Amino acid sequence: MDVSLPTSTAQLVASIHQPWRASVDDCLDRWSRLDAATRGAAYLVIEGPEPSRRRTLNASSIAELAGGRPSPTV
């Protein structure tokens with residue numbers, strides 16, 4: 001998956017009313033802590049260097065991006 005930097009700004013949208021703005025790494029950590037139903041409906045908007053250069057990932061693409069990352073300790 002081509003994501004330039006894990007520290008790029010992103011928005012995790014688990015609820016349309018409360019997008020969470022943070023780095024890609026922080027969004028992936030938070031996504032991994034969501035319950036399965038919420039993870040399945042969430043999407044991740046990764047902002048590019050220009051406002052028009054956004055990428056939106058659905059739940060399966062988020063899971064692919066998060067693959068291989070250590071599980072968070074709760």
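All values below were derived from every heavy atom in this structure, side-chain atoms included, with hydrogens, water molecules and symmetry-related copies excluded. Bear in mind the structure is a predicted one, so any value in this text is a computation, not a measurement.
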Checking Ala22 now: which residues fulfil side-chain contact (heavy atoms from CB on, under 4.5 Å) with it, not counting sequence neighbours? Trp20, Asp26, Cys27
Partner residues of Ala59 under the side-chain contact (heavy atoms from CB on, under 4.5 Å) criterion, sequence neighbours left out: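 For Ala59, no residue satisfies side-chain contact (heavy atoms from CB on, under 4.5 Å) once neighbours in sequence are set aside.
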Are Leu57 and Leu65 packed together at the side-chain level, in the sense that at least one heavy-atom pair is separated by less than 4.5 angstrom? yes
Intermediate values then yes/no, side chain to side chain contact (heavy atoms under 4.5 Å, CB included), Arg21 and Thr9: CA-CA 7 Å; Arg21 186 177 212 91; Thr9 302; 4.0 Å; yes
Might you point out which heavy atoms bring Ser23 and Ala10 nearest each other, and give the distance in Å? C-CB, 4.4 Å
Roughly how far apart are [X] [atom1] and [Y] [atom2], rounded to 0.5 Å?
X: Glu47; Y: Arg53; atom1: CD; atom2: CZ; value: 13.5 Å
X: Thr56; Y: Gln11; atom1: OG1; atom2: CD; value: 9.0 Å
X: Ile62; Y: Leu12; atom1: CD1; atom2: CG; value: 6.0 Å

Kindly write out the residues that satisfy salt bridge (charged side-chain N to carboxylate O under 4.0 Å, His left out) with Arg30, not counting sequence neighbours, or none if the list is empty.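 Not a single residue meets the salt bridge (charged side-chain N to carboxylate O under 4.0 Å, His left out) criterion with Arg30.
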Can any side-chain N or O of Arg39 pair as donor or acceptor with the backbone N or O of Leu34 at less than 3.5 Å? yes
Can a donor-acceptor pair be found between the side chains of Asn58 and Ser61 at a distance below 3.5 Å?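 There is such a pair (donor and acceptor under 3.5 Å, judged by atom type) between the side chains of Asn58 and Ser61.
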